Amino acid sequence: MTLTPLQLAAAFTERFGAEPSGIWSAPGRVNLIGEHTDYNDGFVLPFAINHSTMVAARPRADRSVRVCSTLTPDDVVLSDLDALTPGSVKGWAAYPLGVLWAMERAGYSTPGLDLLVDSSVPVGAGLSSSAAIECAVAVAANDLSESNLSLTELVAIGQLAENEMVGAPTGIMDQSASLLGEAGHAVFLDCRSRESRLVPLDLEGAGLELLVMDTRVSHSHATGGYAARRRSCELGAELMGVAALRDLSVGDLAEAAGVLDEETFRRVRHIVTENARVQDAVDVLSGKGPAALGKLMATSHASMRDDFEISCAELDTAVDTAVSAGAIGARMTGGGFGGAAIALVRSADSAAVTDAVARAFAEAGFTAPVIFPVLPASGAGRVA
Ligand code: GLA
């Protein structure tokens, strides 16, 4: 659902019988470029989007947590903070409860809480609906416990929750975008040093739109392919004698071809070239502007399709059709195996690209895609 903060506060009061202490919000994200580079200590360039998760929260006198969502307000998950362990919570409640568990695990104490969550980030679309929940709960718990954790520390708390409580071996990109994003900017993040820099991304000013093309093919990073790709990268780094693939450059690929088996080599080549593309994209944005990103988006998508093998027929159809219909560039975004692709289009071409992709999906017999524009928005914080 998409409630206003006031409506969410009213729903909280109705559900829990007392007013919330406040409302916090955290956005989903789109990654402009830099896929699977985060857990290789590399570079990413995501931005926070204008779709977010809100949480109404109120501390409790005991160590219980009650959490429910506006989609299923009667489904309250009740938990004891001291009894939380990895694997003990099933379903979406593992995200909010995981954050509270991770805070305590990192040495900060949080009070028991009543939480009501409302989200406008489509679930399973590759827009990090899970990081949005984690970050909204993280900023709420940080404020209510007066722990004063920095945004970088909150990123680590969100990642710990996702890695341990949810069991998805993901990196820090999604939480970083959700916490560090600013309206009109992308976040250029060095995942090794954790330093970040805001890069202006004025789509409207350039007469552009960024379309999300949600393929409706759902994915889960807690299973299968994502973890397998991560293992290949770690194997590649080990065989090449470096701490992480970040330490290899395009010039090292010739040597890597002789050392690695064919499949591991292609996985490594994706990461090494993708890291270079992120840095090129930052240069392009500060020099020529977003309209010049098309070629980098195309090579990034081809690398994910052919070398990293994380695309699928629906994502390839969305990307190829968007470009044929006039998009400046298109690529899948996020972890892959489904989820969404993005297309950068001139505003005047937006409707034609949208229609063409919808038609191509119908012709291929795929589930109808959901296509909508997003804007770079500001990161997580208290809204009421
Ligand atoms: C998912 C993960 C991120 C990142 C991307 C791929 O979104 O949560 O950490 O690895 O996939 O770039």
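Atoms within a ligand are numbered from 1 in the order they appear, just like the ligands themselves. Small disclaimer: the values here were computed from a predicted structure and weren't measured. Note that the numbering runs from 1 along the sequence shown for the chain.
- The aromatic ring centroids of Y226 and F337 lie 6.0 Å or more from each other.
- Open room surrounds CZ on R197; 12 or fewer heavy atoms of other groups in view lie less than 6.0 Å from it.
- Taking 4.0 Å as the cut-off between side-chain N and carboxylate O, R231 and E234 do not count as a salt-bridged pair.
- Aromatic ring centroids of F47 and H185 lie 6.0 Å or more apart.
- For the pair I342/L211, no side-chain contact is recorded, criterion being any heavy-atom separation below 4.5 Å from C-beta on.
- The closest side-chain heavy-atom distance from V99 to M165 is not below 4.5 Å.
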Using a 3.5 Å cut-off on N/O to N/O, what pairs does ligand 1 make with the protein? A line per pair would be great.
{"residue": "ligand 1", "atom": "7 (O)", "partner": "R29", "partner atom": "NH2", "Å": "2.9"}
{"residue": "ligand 1", "atom": "7 (O)", "partner": "D174", "partner atom": "OD1", "Å": "3.3"}
{"residue": "ligand 1", "atom": "7 (O)", "partner": "D174", "partner atom": "OD2", "Å": "2.9"}
{"residue": "ligand 1", "atom": "8 (O)", "partner": "D174", "partner atom": "OD2", "Å": "2.5"}
{"residue": "ligand 1", "atom": "9 (O)", "partner": "D38", "partner atom": "OD2", "Å": "2.5"}
{"residue": "ligand 1", "atom": "9 (O)", "partner": "G171", "partner atom": "N", "Å": "2.9"}
{"residue": "ligand 1", "atom": "10 (O)", "partner": "D38", "partner atom": "OD1", "Å": "2.8"}
{"residue": "ligand 1", "atom": "10 (O)", "partner": "D38", "partner atom": "OD2", "Å": "3.4"}
{"residue": "ligand 1", "atom": "10 (O)", "partner": "Y226", "partner atom": "OH", "Å": "2.5"}
{"residue": "ligand 1", "atom": "11 (O)", "partner": "G335", "partner atom": "N", "Å": "3.3"}
{"residue": "ligand 1", "atom": "12 (O)", "partner": "E35", "partner atom": "OE2", "Å": "2.8"}
{"residue": "ligand 1", "atom": "12 (O)", "partner": "H36", "partner atom": "N", "Å": "2.7"}

